[in-house]
Every structure is written in C-alpha cells, then in structure tokens.
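A note on names: the letters A, B, ... follow the listed sequences, proteins ahead of strands, and every chain is numbered from 1.
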Protein chains: 2
Amino acid sequence: MLARKIADSTVRRLAIYLRFLEEFEHQGAGTVSSEALAARAGTTSAQVRKDLSFFGSFGKRGLGYDVHALAVQLRTILGLTRRYHVILVGAGRLAGALVQYAEFGARGFDIVAAVDRDPAKIGTRWGDLVIGNVADLEKIVQREQIEIAILVAPADAAQALVDRLVSAGVSAILNFAPVQLHVPHGMDVKNVNLAVELETLSYALQHRGST
Amino acid sequence: MLARKIADSTVRRLAIYLRFLEEFEHQGAGTVSSEALAARAGTTSAQVRKDLSFFGSFGKRGLGYDVHALAVQLRTILGLTRRYHVILVGAGRLAGALVQYAEFGARGFDIVAAVDRDPAKIGTRWGDLVIGNVADLEKIVQREQIEIAILVAPADAAQALVDRLVSAGVSAILNFAPVQLHVPHGMDVKNVNLAVELETLSYALQHRGST
DNA sequence: CGTCGCTCGTGAAACATTTCACAAATGCTT
DNA sequence: AAGCATTTGTGAAATGTTTCACGAGCGACG
C-alpha cells in the first residue's frame, strides 16, 4: 500500500490537520481551504496541499476541501479507522497521567493493560485497570491482543523489556525512557524525551541577543 | 553569539549526546570517539562530528573526545550551566507526573510554582509545592522570576494563558495543549502532543506489508 | 453559456540536512 | 625519528523537504 516513503514531518502534520478538521466539523463548517487549515495548523497552504497530494487529490478547485470527507480520508491514511490495544509498561506517575489522557481514547487507542515490577503496585487499580505483574508481560500481551506498548520504565530496564515485548508480538513502541532502543527491522519505535524538549528551549534562550 | 542558524534536529542530538557522555563519565571513561557516541545515540559518526563542528572543534585527531571536557562544552552550548525557574500552568495528572520527573531537576530545570483554576486544587500541596490560583499568575511569575512555562491546561484556555504568560515576562513555553499558539516574535514555543506520537505509530503499522 | 474569481494539484526551484570521503593531526611503537 | 594505526574536521556530493508559481478545474453570476 503506497510505495513511496512519506516523511515523518508530513505524517505528523496530517495528524494535526485532522484535529482542526474535527474542530471545523464540530463548528458546522462544510468546506475548508488549504489556506484556512494552514493558518490553524501553523504552516503554509502550499505545505498543506503538498502533504495531501502524496495520498491523492481530495479537494475541489475553487472550493477547497469537504471537511467531513477529508477527515475520513485522513483517518484512513493514519490508520485510525480501527481501535488499538495498548499496554503501559511501567506504572509510575507518568503512566498514571497517560491512563487518564482522554485524547488517546478519542483517537482509538485503548489502554487495556498496565504492568509494573513493584509488588506494592501490582494488584492495585487505576479505574478499571488492574496493574499486572511484569513477570506476566508476555501472557498479558497475548491475552489482550496488544499491538502497541508505551514504555515508561526506568532506563536500565528498558532494553530487556523491549526484547520481551518484541518476542511477545508487540508491533510498535512509544518510548519515554532516555535510551536508544534496539529492535528488529520492521518494528516501529518512537522516542519521546521531555527533558530534551526543555533543553532545546534553554538552547534557544541562550542563543538570543542578536534579535 | 554564533550567527548561524542551527537546525533543531542538531540541538536535539546534542542534548542526547550529553546524556551518553554523562553515562560514560560515570563509568570512568576518559575519552570517547564519535563512533562510540554515535552507536549509543543511534546515529552515525559523521553526524556526530558535523553536529559538534558547528560549535567548534573539541576532539583530538586519532584519539577522540575528552568525555568530561565535551560534556562541559555541550552544557555550555545548551545553556545548562545555570538553573531555570519553571512554572506548571495547569495542575492535572500530567502536571503531577512532571513535578516528580527527576530528570528536569537533574538538568537544571526547577519547577518552583504550579497554578490551576480549580478551587478544589488551589492550596493543596505536591511535596514542597503549593498549588496557586491561576488568577495570581502574573504575580507568581514575577515573584519567582520564572523564565519557562510548561502549559498543561485545556486547549480552550491555552491561548489566553499564553498571552498572560508573555506579558508577565516568560520567555519560553513548552506546550502540551493541542492547539497552535500565537506568540510575539522572539518567544520560543515547543509543542508536545502525545496523541500525535501514537498516531504516527498507527500510520506506520498501517503502512506495512511490503516488508 | 461565457466570463470571472477562487483554489487546488504539481513540477521545478530553492533551501536544508545528511552522508561521503579524505587530508591533517595525534599518539604509539619500534 | 620515522612509520603506522587512528580518528577528527570539513568541503563537496547526495539526499530530503519546503516553497514557489502557474496551469487547470470548479462554481457563481449575469
């Protein structure tokens, strides 16, 4: 499906466009121009059109895009027409925050399991979710048919957990641990490091003065 | 200070190199090659050398880089030789997780204040931190000499809060709200959207099969 | 039914980033 | 002190991404 390699930056923007399309849809707008979408998303109209053009031509010249139809297209492109089972590996504070994160559910990502190695946490509940024992990781992944793991475990445990997740059949990992994970070819890993984000800000603060 | 515009991707990698340098330093390594750093950081040796070369030449040919000296250089480049006062705007679960996030403190980012609009939260404590009233935002920013704000508030409140943060004198914002913020020229905003990260994973899952 | 104003879709140009490849410098060994 | 094995620093080439600019299609309106 679709031979060309699409840039990560493009995929990211598509996800952002979808957000604003849903907002427009909610407000009852029937159509939207690339210009209007760009203004909302903080980019340019040419960029919007180019991004979309990789996947087809969804607009009407002179008119713009049908808000609802484009939203449907973007959901299809992004793989959001079905739901995904997600596991939280690690049950610390950040995991607790992510469980509550309504946007995940709204987008089709269901957190159906969480595990930890701390006996004090195992068995406790977060809403409907009972925290499982990390020793049962493989069993849980298979029972719950989990495709995506969110790794919120300490750095030193991360790689071993990833190896187990991979062999248990998980296909994609969102990694919050500050380490470079090694996975077999074909697996998808996305790293998020909040401290690095702050550091790019402090870099920017420092390199001012020639404003 | 330094005329050229450095790519965001470069700055990010520098922050990552610094992590691994500190790890090497901890292990007692005296020097490290671009090759070794690259292996750890998941990039190439040429990339490491190029990234560093924008800022000077820190290595010794035939030998590599002095681990400690390079770490010092990177901290200087990234603006991590001093501490920053940070405010959490919004005191939900995610904010609660960030307060605990040890890496922020280790990197020089001190969360010295948090505010919310919910009267039930105002006055409660998170460790040493007393949650303030968002009505006092400007007062708190000035009293605590805050430079960086982490915005973890609902999307509909985000822009108004940003306007107030800007006029109160905050210089940089890490934004978790899924909206495009408008700020005066010269302000730095970095957006983090965890749902978008998951969506790039579902995109990748969908676009497989020709492996 | 022809013209007008608008906006898409898209090659081509401009710009940015990464990779390559190699001369130059360094320490070690003999 | 010369030769050798390394590894840096960096222009140049290759690759990737964004912006430009304009032909083509669409609906509205007289």
Side-chain angles (χ1 to χ4, degrees), chain A residues 2-17 20-21 24 29-71 73-74 77 180 200 203-204 207, chain B residues 2-17 20-21 24 29-71 73-74 77 180 200 203-204 207:
Chain A
L2 196 74
R4 228 168 336 171
K5 173 76 170 23
I6 301 295
D8 187 67
S9 51
T10 294
V11 176
R12 260 191 155 61
R13 281 191 301 267
L14 293 178
I16 291 169
Y17 302 154
F20 294 118
L21 282 174
F24 286 137
T31 89
V32 66
S33 68
S34 58
E35 189 62 47
L37 247 190
R40 222 67 176 66
T43 179
T44 66
S45 61
Q47 181 79 80
V48 170
R49 295 199 300 277
K50 183 62 95 180
D51 286 341
L52 295 175
S53 77
F54 292 131
F55 297 93
S57 62
F58 307 119
K60 276 213 177 69
R61 294 170 191 226
L63 254 205
Y65 300 88
D66 180 285
V67 171
H68 178 72
L70 185 57
Q73 288 289 351
L74 289 184
I77 291 166
Q180 183 62 27
T200 66
Y203 171 85
H207 297 257
Chain B
L2 196 75
R4 227 169 336 169
K5 173 74 168 27
I6 301 295
D8 187 67
S9 51
T10 293
V11 176
R12 259 192 156 60
R13 280 192 301 266
L14 293 179
I16 291 169
Y17 302 154
F20 294 117
L21 282 174
F24 286 136
T31 89
V32 67
S33 68
S34 58
E35 190 63 46
L37 248 189
R40 222 68 176 64
T43 179
T44 65
S45 61
Q47 181 80 79
V48 170
R49 294 198 301 276
K50 183 64 96 177
D51 286 339
L52 295 175
S53 77
F54 293 131
F55 297 93
S57 61
F58 308 119
K60 274 214 176 68
R61 297 173 189 221
L63 253 207
Y65 301 88
D66 180 285
V67 170
H68 178 73
L70 185 56
Q73 288 289 352
L74 289 184
I77 292 166
Q180 183 61 28
T200 66
Y203 171 85
H207 296 257

For this session: Using whole Å, report how far CD of B:Glu35 lies from C1' of C:dT19.
Result: 13 Å
Exercise. Hey, are the side chains of A:Phe55 and A:Leu14 touching, using non-hydrogen atoms and a 4.5 Å cut-off?
Worked result: yes
For this session: May I ask you to evaluate whether A:Ser34 reaches the phosphate of C:dT7, defined as a side-chain N or O under 4.0 Å from OP1 or OP2?
Result: no
Exercise. Taking CG from B:Asp66 and C1' from D:dT7, how many angstroms apart are they, rounded to a whole number?
Worked result: 15 Å
Exercise. Taking OP1 and OP2 of D:dT7, is either one under 4.0 Å from a side-chain nitrogen or oxygen of B:Ser33?
Worked result: no
Seminar exercise, completed: Rounding to 0.5 Å, atoms OH (A:Tyr17) and OH (A:Tyr65) come to a distance of 9.5 Å
Exercise. Taking all atoms of both residues into account, what is the closest heavy-atom pair of A:Thr31 and A:Leu63, and its distance?
Worked result: OG1-O, 3.7 Å
For this session: Just call it for B:Ser45: base, sugar-phosphate, or nothing, with non-hydrogen atoms closer than 4.0 Å on any strand.
Result: nothing
For this session: Answer yes or no: does a side-chain N or O of A:Ser57 lie under 4.0 Å from OP1 or OP2 of C:dC8?
Result: no
Problem set entry | Least distance between heavy atoms, A:Ile77 atom then B:His207 atom | O-NE2, 2.9 Å
Seminar exercise, completed: Rounded to the nearest 0.5 angstrom, the CG-CZ distance for A:Leu52 and A:Arg13 is 10.0 Å
Exercise. Looking at B:Ser45 and B:Ala38, what are the two nearest heavy atoms and their distance?
Worked result: N-CB, 3.5 Å
For this session: Step by step, work out the side-chain contact (heavy atoms from CB on, under 4.5 Å) result for A:Tyr203 and B:Ile6.
Result: CA-CA 10 Å; A:Tyr203 171 85; B:Ile6 301 295; 3.3 Å; yes
Problem set entry | Length of the CG-P vector between B:Leu14 and C:dT18, whole Å | 11 Å
Exercise. For D:dG9, does either OP1 or OP2 sit under 4.0 Å from a side-chain N or O belonging to B:Tyr65?
Worked result: yes
Seminar exercise, completed: B:Asp51 CG to C:dT19 C1', in whole Å, measures 12 Å
List every contact pair, protein side and nucleotides 26-30 of chain D side both N or O, where the distance is under 3.5 Å.
| residue | atom | partner | partner atom | Å |
| --- | --- | --- | --- | --- |
| D:dC26 | O4' | A:Arg61 | O | 3.3 |

Exercise. In whole angstrom, what separates A:Leu37's CG from C:dC8's C1'?
Worked result: 13 Å
Exercise. Just wondering, do B:Ile16 and B:Thr43 contact through their side chains at under 4.5 Å, heavy atoms?
Worked result: no
For this session: Nearest 0.5 Å please: distance from the OG atom of B:Ser57 over to the CD atom of B:Gln73.
Result: 10.0 Å
Using the 3.5 Å cut-off, write out each protein N or O paired with an N or O of nucleotides 13-17 of chain C and the distance between them.
none

For this session: Can you tell me the distance, in whole Å, between the CG atom of B:Leu70 and the P atom of D:dT8?
Result: 11 Å
Exercise. Whole-Å distance between C:dC6 P and A:Arg49 CZ?
Worked result: 15 Å
Exercise. Which nucleotide in the set D:dC22, C:dC20, D:dT19 lies at the smallest distance from any side-chain heavy atom of A:Lys50?
Worked result: D:dT19
